[in-house]
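This is a predicted model, so every value here is computed, not measured.
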Amino acid sequence: MVKYIKKIMSIVTAAAVAICASYVPGGKVAKAAGNEMKIYGIYLKANKGQEEYAKSENEYGDAVILESAGEYLLMDTGASYTSDSLVNALKKMGITNLSIYISHLHPDHYNSLWEIGEAGITFDRVFLPDKSIGVDWVSENGGTTELAYRFIDRRIERFSPNAEVIYLKKGESFTVGNVVADVLGPVGNYDMNKCNNYFPDNVYGEKSGHYLNNYSLTTKFSCGGVSFLTTGDIESIENQNKKKDSRYGTGITKLEEEYLVEEYGDELNVDILKMPHHGLNSSSSAAFLKAVKPRIAFAENTGYQDNVKTKGKTVPKYYSPVERMHKYGITLLNGHEKAGVGITVKDDVISVYLDKNNDTKLADSEKLSGWVKVSGIANKKAKNFTGNDVYYIDPDSENFDLFSGICGIKGKDYMFSQGGALERAFYNGSKYLGWRTYGKKYRYFSKPDSFGRAEMTIGFKKIGANYFYFDKNGYRFAPSKGDSNSKGKLWKLKKIGKYYYLIKKKNGAVYNMGKSKNAFMPFSGGKLRAFDKNGRMITGKAKVNGKTYTFNKKTGYKK
């Protein structure tokens with residue numbers, strides 16, 4: 001829904017107008033008074049003294065708190081060696097009792113139950129995957145679904161024997177305060193042996209773990225007109241690294257993301273997404289994100305970091321899901337930000353916070369508004385990576401609206417993707433190139449400032465030894481055909497505002513702009529045109545290099 005249109009300052013004599021929209025995918029229903037929800041993604045870090053063990057495990061898990069009308073739901077608990085982060089967050093929120101939702105039976109999603117109980121926090125309800133889900137799972141380390149249920153049951157009996165245990169599967173629903181939760185999946189069926197064969201290289205944990213990942217609960221939480229989707233560790237067949245290996249001939253054609261898209265299509269559309277499988281490239285496929293279309297996504301990505309070297313420094317590399325999210329909205333990565341992610345909803349108005357001091361308070365100073373810089377992604381070549389992604393969140397809107405399209409902000413022109421990510425040009429090593437291609441078209445961006453902001457060029461700009469002209473959409477004018485000069489090179493006249501300019505077909509350079517003298521351009525057939533130092537074609541009677549000539553007022557040729 002386009003909220004308004006802004007005119008950007010004219011750079012050339014012809015006025016340039018561009019559309020700058022506050023991007024709200026799919027539109028929103030009327031506000032529902034009295035509805036409120038808070039989502040808080042906890043930054044999980046290793047307990048003191050367990051840092052090396054946590055690093056070797058390379059999976060810290062998920063832990064997200066949902067609160068509405070004084071009721072709390074903890075979605076997954078993180079691994080036991082990150083329990084201090086979880087318990088501290090619960091205590092800072094003043095929580096003494098809550099409900100617990102376990103997405104699937106992997107230890108990094110339920111293993112801190114003991115520490116929660118020891119902290120004196122009791123369980124009202126415990127939501128678990130139905131016992132018919134993933135029953136064949138056997139891990140390389142001897143874990144089974146039966147043992148996981150037994151582990152959980154003992155913690156409930158020890159700390160909250162009166163807790164209600166509720167088993168969930170597709171079609172079930174429950175409430176948390178003003179929030180309605182609908183369980184959408186799992187909807188697929190998986191073969192343990194096929195999953196073992198399909199993931200022979202132990203990518204993203206034990207190969208048997210992929211079987212249980214895809215049996216994660218997927219639940220949609222609705223609060224008035226705002227919705228939130230959580231998916232555990234589901235995966236996509238689209239994103240698997242299928243090497244040419246006979247071991248992949250197992251007949252697996254879909255994983256849970258494909259099944260969900262097939263089952264629900266655009267009904268998966270939500271405002272907020274906790275990215276599947278910690279934001280790893282096993283998940284968040286293009287097809288899945290196209291159906292979900294979230295404008296806010298976050299990933300409990302701690303422990304899943306690779307490093308790349310770019311511009312002479314080592315930076316974390318994140319995976320394609322973050323890049324794919326650029327079409328839809330902003331992604332927040334708890335692990336790299338080292339911050340809790342807070343999202344509040346009140347009467348359908350969304351606010352987003354990065355809780356840098358992890359005190360769970362969500363101060364006004366932590367609210368994302370105006371220019372925002374968040375942890376970004378590096379592609380394999382790291383050409384366009386500056387360490388962060390940059391967004392502009394409309395400070396004049398009460399809702400969390402991201403600017404998209406061409407926007408004029410304080411007299412400068414910027415280009416934002418449909419999902420709100422600021423577009424910038426590329427580095428080749430430490431050299432900034434400036435140019436960015438769009439099919440056969442080109443835009444030019446200034447070198448990013450210290451914040452990461454890069455202006456898009458509109459109008460005339462000198463780049464290297466030449467001047468170029470960029471239209472109101474930022475595209476460099478490059479003629480497809482033209483007239484031959486006396487040397488056989490093609491040039492084309494282009495009217496810009498009140499004047500004509502001569503632009504070279506080969507590279508789009510503007511003839512004679514910035515030169516100190518008027519200059520003639522000889523064309524085939526002995527014809528001459530003259531251009532002043534501003535690149536403008538001379539017409540009528542005028543002096544050129546000290547002599548008076550007459551030029552045709554329409555064609556510019558010397559009479």
Side-chain angles (χ1 to χ4, degrees), residues 59 103-106 109 129-140 144-145 168-171 182-220 229-270 273-294 297 299 304 319-325 327-328 380:
E59 49 185 21
S103 64
H104 64 295
L105 301 179
H106 275 158
H109 291 260
D130 191 81
K131 287 191 174 182
S132 65
I133 294 173
V135 293
D136 296 329
W137 178 60
V138 179
S139 79
E140 284 85 330
T144 65
T145 53
L168 298 176
K169 59 183 177 181
K170 176 188 172 185
D182 294 304
V183 182
L184 306 182
V187 296
N189 290 297
Y190 307 99
D191 184 299
M192 178 70 181
N193 292 323
K194 284 186 177 181
C195 283
N196 270 340
N197 291 335
Y198 195 83
F199 300 96
D201 298 322
N202 241 15
V203 181
Y204 307 132
E206 293 181 347
K207 58 185 179 181
S208 66
H210 297 278
Y211 167 80
L212 205 55
N213 282 347
N214 287 286
Y215 274 124
S216 294
L217 294 172
T218 291
T219 302
K220 186 175 184 178
L229 190 69
T230 183
T231 62
D233 283 355
I234 67 170
E235 299 173 316
S236 166
I237 202 73
E238 176 185 316
N239 290 12
Q240 304 310 323
N241 180 22
K242 294 184 276 293
K243 297 178 181 178
K244 293 181 179 179
D245 191 316
S246 61
R247 291 176 293 179
Y248 286 107
T250 62
I252 293 180
T253 58
K254 300 175 188 175
L255 291 174
E256 187 64 13
E257 284 191 4
E258 282 80 19
Y259 280 109
L260 285 167
V261 171
E262 186 179 78
E263 179 83 7
Y264 297 103
D266 289 342
E267 292 179 38
L268 293 172
N269 178 216
V270 296
L273 170 69
K274 187 187 76 64
M275 297 186 88
H277 205 192
H278 316 283
L280 292 170
N281 197 36
S282 66
S283 312
S284 300
S285 64
F288 179 74
L289 290 178
K290 184 179 180 181
V292 178
K293 294 183 178 67
Y304 297 98
Y319 298 91
S320 299
V322 182
E323 189 171 20
R324 288 191 285 271
M325 260 297 296
K327 289 184 179 180
Y328 307 104
K380 289 181 179 178

T218 and T230, any side-chain heavy atoms less than 4.5 Å apart: no
Does the side chain of T253 come within less than 4.5 Å of I237's, by heavy atoms? no
Mind running side chain to side chain contact (heavy atoms under 4.5 Å, CB included) on V261 and L268 for me, showing each step along the way? CA-CA 8 Å; V261 171; L268 293 172; 4.2 Å; yes
Might you point out which heavy atoms bring [X] and [Y] nearest each other, and give the distance in Å?
X: E258; Y: S236; value: OE2-OG, 2.6 Å
X: Y259; Y: Y190; value: CD1-OH, 3.3 Å
X: H277; Y: S282; value: ND1-OG, 2.6 Å
X: V183; Y: T219; value: CG2-OG1, 3.9 Å
X: S283; Y: P321; value: O-CG, 3.6 Å
X: K170; Y: P186; value: CB-O, 4.0 Å

Assess, by modelled atom type and distance only, whether the side chains of E257 and S285 contain a donor and an acceptor separated by less than 3.5 Å. yes
What I want to check is whether the side chains of H106 and D233 have a donor and an acceptor closer together than 3.5 Å. no
Can you check whether L289's main-chain N or O pairs, donor with acceptor, with R324's side chain at less than 3.5 Å? no
Any donor and acceptor pair, going by atom type alone, linking the side chain of N214 with main-chain N or O of E235 inside 3.5 Å? yes
With the threshold set at 4.0 Å, does a side-chain nitrogen-carboxylate oxygen contact exist between E267 and K220? no
Do E140 and K207 sit within salt-bridge range, that is, some charged N less than 4.0 Å from a carboxylate O? no
Looking at D130, L217, I133, which hits side chain to side chain contact (heavy atoms under 4.5 Å, CB included) with L168? L217
Hey, could you give me the [atom1]/[atom2] distance between [X] and [Y], rounded to the nearest 0.5 Å?
X: Y215; Y: C195; atom1: OH; atom2: SG; value: 8.5 Å
X: L184; Y: T231; atom1: CG; atom2: OG1; value: 10.5 Å
X: Y211; Y: H104; atom1: OH; atom2: NE2; value: 13.0 Å
X: L260; Y: I234; atom1: CG; atom2: CD1; value: 5.0 Å

Verify side chain to side chain contact (heavy atoms under 4.5 Å, CB included) between S208 and S139, making sure each step is shown before the conclusion. CA-CA 6 Å; S208 66; S139 79; 3.9 Å; yes
Please check if the distance between the ring centroids of H278 and H109 is under 6.0 Å. yes
How about H210 and W137: are their ring centres within less than 6.0 Å of each other? no
Show your working on side-chain hydrogen bond (donor to acceptor under 3.5 Å, both in side chains) between E256 and S216 and close with a plain yes or no. CA-CA 9 Å; E256 187 64 13; S216 294; over 6 Å; no
Let's go through Y264 and V187 carefully: what are the C-alpha distance in whole Å and the side-chain angles of both, what is the deciding distance for side chain to side chain contact (heavy atoms under 4.5 Å, CB included) to 0.1 Å, and is it a yes or a no? CA-CA 10 Å; Y264 297 103; V187 296; 4.2 Å; yes
Using the rule given for side chain to side chain contact (heavy atoms under 4.5 Å, CB included), can you reason through K327 versus K290, listing the C-alpha separation, both sets of side-chain angles and the distance that settles it, and then say yes or no? CA-CA 9 Å; K327 289 184 179 180; K290 184 179 180 181; over 6 Å; no
